[in-house]
Amino acid sequence: MMIQYPLNPDVVIIGAGAAGIGAGRALAKAKIPFIIIEAKDRIGGRAFTDTTSLGHLWDHGCHWFHSADKNVLRNLAEEVGHKYRSEPRTGVMRAFMDGQWKNDRLREDFVWGVLGDVAEAGRDGRDIPAAALLDQNHPWYPMAKHWLALMYSVEPEEISTRDAGNYDDTGLNLPVEDGYGALIARLAAGLPIRTSIAATRISARGKEVLVETNHGTITAKAAIVATPARMLETGRLGIDGLPSEIAQAFADAPMGYYEKIAVAFDGKVFDGFDVPYADIFDPVAATTHPLNFELHPFGRPIAVTHIAGNFARDMEREGEAGMIDFAVSALVRAFGSDLRKRIKKATTTHWSSDIFINGAYSCARPGKGAARKAFAAPIQERIFLAGEHVHPTFQATAHGAFETGLFAAEKAIMALGHMTTGAKRTLPA
C-alpha cells in the first residue's frame with residue numbers, strides 16, 4: 001500500500017540515502033506521518049548502483065557488507081532476496097610489482113598488518129596520526145599509504161588512530177552482487193519520498209521545525225537531518241542555533257575523498273585470477289601511484305579501480321579523461337598493450353564535485369578521535385542528526401548510516417510524545 005505524502009508531517013527527513021531510508025522505515029512502522037526530501041534526482045545518496053554507463057552493473061559508492069555478521073543491511077538483503085557473496089574470498093591478492101605478477105603473501109601481510117596496527121593503537125588509547133606508524137623507507141610504504149587512504153578517505157597524516165580503533169571490524173566483508181545502491185532503493189519502496197527538493201535551512205521555533213527548501217518551506221514537529229556531513233560542514237545546509245560542540249565536531253571529523261574508475265571490455269580479458277582483486281604498482285617509478293582493481297567482479301567483463309584521499313580529489317578535478325587514461329595505462333603495464341583494443345567503454349565517479357555530496361565519508365583528525373560523539377545530541381530538542389558520521393562504531397559505512405536513521409527516528413518519536421512498541425534503541429558508547 002502506497003503511503004500518502006502528508007502536507008503537514010510530524011517529521012521531515014532530509015536526505016534519502018541509507019540513513020534517511022532507515023529513519024523512514026522506522027517511522028512508517030510506527031505509523032508516524034513523515035516525508036523524506038532529497039536534493040538529488042534519485043535516492044540512495046552515496047549508495048548508487050549504475051546499470052547503464054557500462055552496460056553492466058557496478059556500484060559508484062558502497063559495494064561491500066562490511067562487518068557482515070553484524071550488518072543490519074545484510075539481514076534485510078536476506079529478507080528481500082537481494083544477492084551478495086555469502087562467503088569471503090580466500091587466497092592471496094595478486095600484485096603486479098617490479099614488472100611481474102606475484103602472489104606475495106609478505107606484501108599482503110605487511111599492508112594488512114599496517115592497517116591492523118593503526119586500529120590497535122587506537123584501541124590501546126593512543127590518538128595519534130596513522131602516519132606515525134608508517135616506515136616511509138619501506139619498499140611497500142606507498143602501497144600501505146594507498147590502502148590507508150582507501151579505508152579512511154583521507155591521508156595517513158589526517159587519520160586518528162582512536163577513531164580507527166573505535167570501528168567495530170569483525171573482519172567479515174562480503175560484496176553485494178545485486179548492487180548496494182539497488183538494495184537501498186529496494187528498501188525505500190513505498191516510502192513518501194520527494195526528489196529534487198533541496199533543503200537550505202532548518203530552524204526550530206517553539207514546537208515546530210521549519211525546513212526551507214528550493215520549493216518552499218515545510219513545517220513539521222521534528223526533523224531528521226540525514227545528509228552527508230559536508231553539507232553541514234560547509235553551511236550549504238544551515239541549522240539555526242547549531243551548538244558549537246556539533247559545529248566543532250564537523251571540523252574535527254570531516255569527510256574525505258574517494259573515486260572509482262570503471263572500464264568495460266568486449267569479453268573476459270583477465271585469466272588466472274582466483275582472487276579477482278589485484279594491486280598494480282611499480283616501486284621504482286616514483287611517479288606511479290599504486291592502484292587496486294576489482295577484475296571481472298561476479299563474472300562481469302569490467303575492471304573497477306579505487307582511489308582516495310587527496311589523490312582522488314585532485315584527479316577528479318583534472319577531469320574524467322585523465323582519470324580513465326591513468327587507470328587504463330596501469331592495466332596496460334600489467335596486461336599488455338593489446339588490452340586497449342578490447343575496451344568498449346569507460347567512466348568514472350564524481351563524488352568530489354557533486355554539490356550534494358562533496359566527498360566520501362568521515363574520519364576524525366588526530367587527537368579528535370572522540371569528536372563524532374557530539375553528533376548524537378539533539379539540536380533544540382527537535383532536530384536529530386543521522387548519517388555515517390554519527391555512528392561511533394560503524395562510521396564510514398552504509399549499515400552504520402542506516403542504523404543512525406533508526407536511532408534518530410526513535411528519538412523523534414520520543415520527542416513527539418509517542419509511545420514506542422519496542423525497546424529503546426541506543427547508539428554504542
Side-chain angles (χ1 to χ4, degrees), residues 63-64 89 91-118 130-131 133-159 173 175 256-263 265 269-297 302-316 318 322-340 343 346 348-349 360:
H63 178 60
W64 294 73
R89 287 281 190 180
V92 180
M93 182 187 296
R94 296 182 70 182
F96 186 80
M97 303 174 70
D98 300 321
Q100 59 184 316
W101 283 104
K102 300 179 180 181
N103 285 9
D104 197 329
R105 171 64 73 181
L106 290 176
R107 175 198 58 83
E108 187 164 318
D109 287 348
F110 170 78
V111 171
W112 292 107
V114 167
L115 297 175
D117 290 345
V118 169
L133 303 176
L134 296 179
D135 176 5
Q136 296 191 25
N137 295 317
H138 196 286
W140 295 324
Y141 162 75
M143 189 64 72
K145 181 180 178 182
H146 167 68
W147 274 96
L148 276 168
L150 292 180
M151 294 298 177
Y152 299 101
S153 80
V154 297
E155 301 302 311
E157 293 79 10
E158 303 171 68
I159 298 169
N173 303 297
Y257 300 92
Y258 198 115
E259 303 291 350
K260 294 183 182 181
I261 306 160
V263 184
F265 302 92
V269 294
F270 307 112
D271 296 323
F273 281 78
D274 295 331
V275 179
Y277 309 106
D279 286 336
I280 297 178
F281 176 54
D282 184 356
V284 300
T287 58
T288 300
H289 191 282
L291 286 177
N292 68 290
F293 285 85
E294 297 172 73
L295 304 175
H296 295 327
I302 63 175
V304 183
T305 190
H306 305 236
I307 54 177
N310 294 345
F311 182 72
R313 178 198 63 197
D314 296 343
M315 284 289 290
E316 198 270 344
E318 291 180 13
M323 294 172 72
I324 292 171
D325 180 69
F326 180 79
V328 170
S329 295
L331 288 172
V332 167
R333 285 199 304 274
F335 293 98
S337 58
D338 286 348
L339 193 72
R340 290 187 185 274
I343 295 173
T348 74
T349 60

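The chain is numbered in sequence order, starting from 1.
- Listed by chain and residue number, Phe265, His296, Phe335 satisfy the ring-ring contact (aromatic ring centres under 6.0 Å, His included) test with Phe270 (two or more places apart in sequence, or in another chain).
- From Gln136, atom CD reaches atom NZ of Lys145 across 7.5 Å, with rounding to the nearest 0.5 Å.
- Closest of all the heavy-atom pairs between Arg340 and Ser329 is NH2-OG, 3.7 Å.
- Taking CD1 of Ile261 as the reference point, atom CE of Met315 lies at 5.5 Å (rounded to 0.5 Å).
- In this structure, the separation between OG on Ser153 and CZ on Arg313 is 11.5 Å, given to the nearest 0.5 Å.
- For the salt bridge (Lys or Arg N to Asp or Glu O under 4.0 Å) test, residues two or more places apart in sequence or in another chain that qualify with Asp109 are Arg105.
- Using a 4.5 Å heavy-atom cutoff, the side chains of Asn310 and Glu158 are in contact.
- Expressed to the nearest 0.5 Å, how far CG of Asp135 lies from OH of Tyr141 amounts to 9.5 Å.
- In this structure, Trp101 and Ala334 approach most closely via the heavy-atom pair NE1-O, 3.3 Å.
- Ring planes of Trp147 and Trp112: tilted class, angle from 30 to 60°.
- Residues passing the salt bridge (Lys or Arg N to Asp or Glu O under 4.0 Å) test with Asp271, sequence neighbours excluded: none.
- In this structure, Asp117 and Leu133 approach most closely via the heavy-atom pair O-CD1, 3.7 Å.
- Ring orientation note: the planes of His289 and His146 are nearly perpendicular, at an angle over 60° on the 30°/60° scale.
- Across all non-hydrogen atoms, the minimal contact from His306 to Val304 is CD2-O, 3.8 Å.
- With Thr349 contributing its side chain and Lys260 its backbone, the two residues share a donor-acceptor pair below 3.5 Å.
- A distance of 12.5 Å separates CG in Asp279 from CZ in Arg94, rounded to the nearest 0.5 Å.
- A distance of 9.0 Å separates OG1 of Thr305 from CG of Leu295, quoted to the nearest 0.5 Å.
- Checking side-chain atoms of Glu259 against main-chain N and O of Thr348 turns up no donor-acceptor pair under 3.5 Å.
- The heavy-atom pair separating Leu134 from Ala144 by the smallest distance is CD2-CB, 4.4 Å.
- Considering only heavy atoms from C-beta on, Glu316 comes within 4.5 Å of Met323 through its side chain.
- Nearest heavy atom pair, residue Ile280 against residue Phe293, reads CD1-CE1, 3.6 Å.
- Trp140 has its side chain within reach of Met97: a pair of non-hydrogen atoms, C-beta onward, lies under 4.5 Å apart.
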